[in-house]
Number of protein chains: 2
Amino acid sequence: MNTHAEPNPEHQHTSAHDHSTCISDALTTAEHLCAERGVQLTPIRHKVLELIWASHQAVKAYELLDRIKPLQSAAKPATVYRALDFLIEQGLIHRVESLNAFVGCRCSGHQHEQLLLICKHCHEVEERTATEVMQALSDEFKQAGFIVHSKAIEVHGICAKCAESSADNAELLA
Amino acid sequence: MNTHAEPNPEHQHTSAHDHSTCISDALTTAEHLCAERGVQLTPIRHKVLELIWASHQAVKAYELLDRIKPLQSAAKPATVYRALDFLIEQGLIHRVESLNAFVGCRCSGHQHEQLLLICKHCHEVEERTATEVMQALSDEFKQAGFIVHSKAIEVHGICAKCAESSADNAELLA
DNA sequence: AAGTGTTATGTTATACTGTAACGACAATTT
DNA sequence: AAATTGTCGTTACAGTATAACATAACACTT
Ligand SMILES: [Zn+2]
Ligand SMILES: [Zn+2]
Ligand SMILES: [Zn+2]
Ligand SMILES: [Zn+2]
């Protein structure tokens with residue numbers, strides 16, 4: 001379906017930051033938000049969120065299913081998709097349309113405009129606010145008379161870290 | 001998979017222009033381009049392109065398969081996907097990632113940056129150049145050190161025609 | 001305690017989307 | 001002629017997602 005390379009754990013940029021705090025921050029934020037909103041971050045939903053935050057790479061639904069099965073042996077596709085639906089509704093994750101995959105959202109669970117930079121090499125997804133891009137988009141919509149419901153801007157390419165770590169690797173820059 | 005409504009032929013805005021010229025223009029342009037490039041716009045590819053141009057709505061691969069079967073009884077999924085791959089390579093159609101669907105490209109078969117405005121109501125896709133958006137994106141990529149491979153910007157909402165024709169229909173503007 | 005409503009989950013089956021692999025065939029090149 | 005290339009037929013399968021219905025868990029009322 002996609003021309004993108006397979007996700008590759010080797011390409012994770014784990015060393016650049018203390019990722020354990022990414023995970024715990026995301027989880028505690030989610031717990032607080034769900035409590036405030038009176039919605040239930042059930043064990044299944046919590047676990048799916050944790051699995052998604054295991055990396056900054058976009059994760060596929062069936063990968064999640066495989067990973068959750070040891071813990072939740074009854075898990076079926078619907079189990080995962082329901083949890084994903086919930087997490088998306090609550091603004092805790094993004095669906096990456098162009099990958100059929102899911103990634104954690106750092107933006108505290110509010111709906112917001114997003115620019116997703118998706119690395120073809122390491123599959124990590126960087127989320128940026130990109131105020132000026134969004135402003136330019138708004139102008140464009142106004143011109144077109146288009147009423148926007150979602151601005152999920154997904155762009156594929158090579159992230160700064162991958163470009164640097166393989167500047168001599170011509171294939172990436174094609 | 002998507003929260004979008006099903007494609008609905010009733011919602012096509014056929015009256016706004018002489019769509020028969022859209023189709024014939026697209027086909028003759030494609031024929032010329034392929035001839036120039038020395039690539040083959042075979043009967044199957046030609047037919048798929050024609051079916052895609054039957055409307056300005058994004059069309060799904062298996063819809064194309066159903067529609068081509070009466071004419072090409074041997075048609076299988078691979079038949080359609082191969083034709084789609086070819087047409088995408090030649091820049092004659094776009095893949096709409098967020099719909100898993102395909103739409104004709106008006107831009108004469110050259111690779112280019114695109115802003116696709118996708119109407120949730122009529123499923124028509126409007127392609128815009130959006131120079132300023134693209135410039136703002138370039139700046140953002142430069143800042144992020146991101147090397148872009150594709151800029152397929154897809155935005156979902158309600159098109160001007162649908163908004164107008166159902167201004168009293170609150171559901172659309174939600 | 002028993003009944004009721006709501007949300008979440010289990011379960012089965014199925015639909016939809018996309019690709020791999022191989023062989024047949026024709027046109028072109030060497 | 002032999003090799004190469006491009007297209008298509010064919011089979012089989014992999015991967016993605018949802019429908020439909022049953023059950024469980026819980027909170028709330030009576
Ligand atoms: Zn991290
Ligand atoms: Zn990368
Ligand atoms: Zn038209
Ligand atoms: Zn519309």
Side-chain angles (χ1 to χ4, degrees), chain A residues 1-7 30 34-35 37-49 51-52 58-90 92-103 123, chain B residues 1-7 34-35 37-49 51-52 58-90 93-103 123:
Chain A
M1 166 187 185
N2 297 303
T3 55
H4 318 298
E6 285 305 299
C34 290
R37 295 173 184 173
V39 296
Q40 298 178 51
L41 189 62
T42 64
I44 289 176
R45 292 165 176 176
H46 192 275
K47 189 63 197 175
V48 168
L49 183 57
L51 288 171
I52 287 174
V59 193
K60 306 220 141 203
Y62 279 66
E63 284 177 39
L64 292 169
L65 180 55
D66 290 340
R67 291 181 199 164
I68 208 174
K69 257 181 183 159
L71 311 157
Q72 186 83 12
S73 58
K76 297 282 185 323
T79 316
V80 171
Y81 281 105
R82 284 167 178 158
L84 291 171
D85 288 345
F86 171 86
L87 296 170
I88 290 169
E89 269 171 24
Q90 298 301 320
L92 298 170
I93 63 172
H94 294 301
R95 177 183 164 88
V96 183
E97 300 283 358
S98 48
L99 294 175
N100 293 334
F102 305 85
V103 71
H123 275 233
Chain B
M1 166 188 185
N2 296 303
T3 55
H4 318 298
E6 284 305 299
C34 290
R37 293 173 185 172
V39 295
Q40 300 178 50
L41 189 62
T42 64
I44 290 176
R45 292 165 177 176
H46 191 276
K47 189 64 196 172
V48 169
L49 183 58
L51 288 171
I52 287 174
V59 194
K60 306 219 142 202
Y62 277 65
E63 284 177 39
L64 292 169
L65 180 55
D66 290 341
R67 291 181 197 165
I68 208 174
K69 258 181 180 160
L71 310 158
Q72 185 82 14
S73 59
K76 297 282 185 321
T79 315
V80 170
Y81 280 105
R82 283 167 179 159
L84 291 171
D85 288 345
F86 171 86
L87 295 171
I88 290 168
E89 270 170 26
Q90 297 301 321
I93 63 172
H94 294 302
R95 178 184 163 87
V96 183
E97 299 283 356
S98 49
L99 294 176
N100 293 334
F102 305 85
V103 71
H123 276 233

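Per chain, numbering begins at 1; letters A, B, ... match sequence-line order.
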Contact summary for Ala61(B) and Val80(B), nearest pair of heavy atoms: O-CG1, 3.7 Å

Between dC8(D), dT7(C), dG10(C), which nucleotide gets closest to the side-chain atoms of Ala74(A)? dG10(C)

Side chains of Phe102(A) and Leu84(A): closer than 4.5 Å at any heavy-atom pair? yes

Heavy-atom closest pair (Ile68(A) atom, Ile44(A) atom, distance to 0.1 Å) is CD1-O, 4.2 Å

Closest to side chain of Gln72(A), choosing from dT9(C), dT10(D), dA19(D): dT9(C)

Whole-Å distance separating the CD atom of Glu97(A) from the C1' atom of dT16(D): 13 Å

Specify the separation, in whole Å, of atom CD of Gln90(A) and atom P of dT7(C). 13 Å

Phe86(A) CZ to dT6(C) C1', straight-line distance once rounded to whole Å: 15 Å

Value in whole Å for how far the C1' atom of dT7(D) lies from CD of Glu89(B): 13 Å

Distance check needed: dG10(C) P versus Lys69(A) NZ, whole Å only. 13 Å

Side-chain N or O of Tyr62(A) closer than 4.0 Å to phosphate OP1/OP2 of dG15(D): no

Round to a whole Å and report the spacing from CG of Asp85(B) to C1' of dT7(D). 13 Å

Contact under 4.0 Å: Lys60(A) side-chain N or O vs dT16(D) OP1/OP2: yes

Nearest to side-chain heavy atoms of Lys76(B), which nucleotide of dT17(C), dT11(D), dT16(D): dT11(D)

Looking at dC22(C), dT7(D), dT16(D), which one has an atom nearest to any side-chain atom of Arg82(B)? dC22(C)

Ile44(B) CD1 to dG6(D) P, straight-line distance once rounded to whole Å: 17 Å

Measuring from atom CZ of Phe86(B) to atom CD1 of Ile93(B), what distance do you get when rounded to the nearest 0.5 angstrom? 10.5 Å

Compare all side-chain heavy atoms of Lys76(A) with those of Thr79(A) and state whether any distance is below 4.5 angstrom. yes

On the nucleotide dT16(D), are OP1 or OP2 found under 4.0 Å from the side-chain N or O atoms that Asn100(B) carries? no

State which of dA17(D), dT7(D), dT17(C) makes the closest approach to the side chain of Tyr81(A). dA17(D)

Measure from the side chain of Ala78(A), starting at C-beta and using heavy atoms only, and say which of dA19(D), dG18(C), dT10(D) lies closest. dA19(D)

Side chain of Arg45(B), heavy atoms from C-beta onward: which of dT7(C), dA20(C), dC8(D) has the nearest atom to it? dC8(D)

Using atom CD of Gln40(B) as one end and atom P of dC8(D) as the other, report the distance to the nearest whole Å. 8 Å

Ala61(B) has a side chain; which of dT11(C), dG18(C), dA17(D) sits nearest to it? dG18(C)

